[in-house]
Amino acid sequence: MVKADQVKEWWRQAKYGMFIHWGVYSFLGGEWQGKRTPFVAEWIMARENISREDYLDVAKEFNPEDFDADTIVALAKKSGMKYIVYTAKHHDGFAMYHSKCCQDNIIDATPFERDPLKELSSACKKEGIKLCLYYSHAQDWLHPQGYNLVTRDNKALDFDAYLEEKALPQLEELLTNYGDIGLIWFDSPIIISKENSQRVYDLVKRLQPECMINYRIGNECGDYYCTGDNQLPSTPMDVDWEMPGTTNDSWGYKYYDHNWKDPSETLRWLVRVNSRGGNYLLNVGPDGNGLIPAESANILEEVGDWLSRNGQGIYASKIAPMPTYVREGVEMTYRPGKLYLHIFDQCDKEHIPLFCIKNKVKKIAILSTGEALTYEDRDTPVSQLHEHILVINLPKEKREKYATVICIEIEGDLEFTTMDKLS
Ligand code: H79
């Protein structure tokens with residue numbers, strides 16, 4: 001069981017965060033010795049069996065001078081994202097901050113002379129964005145005793161040695177030198193024991209009791225749940241959960257991956273995650289110079305523009321606790337006194353029916369403009385199945401780009417016909 005009492009209100013309200021995958025692998029861009037790797041780009045060291053020496057040689061060329069924390073944090077803010085999760089160390093084992101306990105880090109092993117995490121930390125503080133960290137606590141391909149899902153016999157390793165020499169001391173650095181950390185996003189626990197998951201958990205809480213811990217710490221030791229990468233649950237889940245997602249098909253930068261989700265699809269992922277009760281952690285993969293690809297920046301900005309008008313239906317929203325039928329392309333979110341219908345292009349109807357709701361309706365309007373919509377409120381039974389139907393009129397010309405949000409203001413606490421009455 002996760003520890004829901006550890007989950008913070010800021011995170012429950014945030015609903016949308018920025019994931020940043022960035023490392024030495026970004027410099028390779030998904031290609032090693034002229035060969036394009038078939039796996040996601042951040043797995044290139046394991047997949048292409050790059051030796052420690054060769055990988056550290058690549059690091060010697062990694063000099064991301066265009067990295068600008070202010071620009072990245074400004075993009076997150078403008079895009080309506082409330083927290084940033086930065087890869088302090090991915091499975092490759094290379095620290096993307098100045099680690100004093102292991103030389104394999106961006107200050108000591110590259111020509112770059114700045115600590116990007118220091119810069120991100122102050123930029124986040126300035127802009128009011130929560131800084132959070134990704135830390136791969138079980139896999140480590142540069143440390144001889146870290147797990148490697150592709151090339152090592154994990155059972156034969158002295159995992160405790162890795163934990164004590166590297167992971168625990170690095171976590172201590174991360175939680176001591178960079179101010180308040182909103183959460184630590186562990187990943188890929190593989191065969192880590194419950195005892196070791198707990199050791200990691202306890203260290204984090206001892207150093208920063210307010211710091212949350214995600215599910216992938218392993219052995220049910222975390223504070224909140226996580227779905228698989230890009231995996232949407234089929235039904236709402238009334239627990240704290242998050243879905244990490246990509247803007248194309250890789251987390252780390254791949255120069256030849258142009259399979260971008262467009263803004264409409266990205267927004268649909270966000271709303272579907274939110275309407276099922278989750279937070280969407282959407283990834284960007286800066287390149288070897290430290291720049292976020294323009295394509296993904298554009299996607300984020302378009303979604304952010306929509307959110308600036310429609311955020312009320314997203315932030316702090318909850319699962320609509322009402323059984324109803326919706327058409328393809330319609331999602332629902334809820335906050336006390338208000339139901340939000342998110343109408344995407346997949347639904348091209350001009351009359352949107354809403355079944356089951358029993359409350360008196362105060363007003364139905366388009367959220368972004370406040371413009372009232374007409375509706376029929378049929379409170380006499382029209383069939384044995386439906387005691388009460390609202391039919392909302394949404395003329396084509398009133399539709400908004402990407403998705404139109406209809407806000408239904410109701411009187412009193414939400415009341416609805418139960419499912420058993422429907423069947
Ligand atoms: O950081 C991103 C991924 O690198 C990481 N999680 C997100 C957030 C991740 N770690 N493990 N996994 C995802 C699952 C691994 C699946 C595997 Fe494979 C199947 C490893 C080897 C085969 C996927 C496909 C990764 C490489 C090929």
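Start at 1 and go down the list; that is how both ligands and their atoms are numbered. All residue numbers in this chain count up from 1 along the given sequence.
Under a 4.0 Å N-O distance rule, the pair R52/D104 qualifies as a salt bridge. Using a cut-off of 4.0 Å between Lys/Arg side-chain N and Asp/Glu carboxylate O, E265 and R268 are scored as not salt-bridged. For the pair R199 and E164, the salt-bridge criterion is met [side-chain N within less than 4.0 Å of a carboxylate O]. Salt bridge present: K89 and D140 bring a charged side-chain N and a carboxylate O closer than 4.0 Å.
Near H90, with a cut-off below 4.0 Å to any heavy atom, the atoms of ligand 1 are 1 (O), 2 (C), 4 (O). Atoms of ligand 1 lying under 4.0 Å from any heavy atom of D229, numbered from 1 in the order shown and given with element: 3 (C), 5 (C), 6 (N), 7 (C), 8 (C), 9 (C), 13 (C).
Atom 2 (C) of ligand 1 lies below 4.0 Å from at least one non-hydrogen atom of the protein. The presence of a protein heavy atom under 4.0 Å from atom 16 (C) of ligand 1 is ruled out.
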Just distance, no hydrogens or angles: give the donor-acceptor pairs under 3.5 Å from side chains in residues 281-291, sequence neighbours left out.
unit_1, atom_1, unit_2, atom_2, d
N283, OD1, H21, N, 3.4
N283, OD1, H21, ND1, 2.8
N283, ND2, W251, O, 2.9
D287, OD1, N289, N, 2.9
D287, OD1, G290, N, 3.1
D287, OD1, L291, N, 2.9

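Looking from atom 18 (Fe) of ligand 1 to the surrounding protein, the closest heavy atom is F39 CE2, 4.1 Å.
Contacts of Q139 with ligand 1, taken as heavy-atom pairs under 4.0 Å, are absent altogether. The proximity of V150 to ligand 1, defined as any non-hydrogen pair under 4.0 Å, does not occur for either the backbone or the side chain. At a heavy-atom distance under 4.0 Å, no atom of R47 approaches ligand 1.
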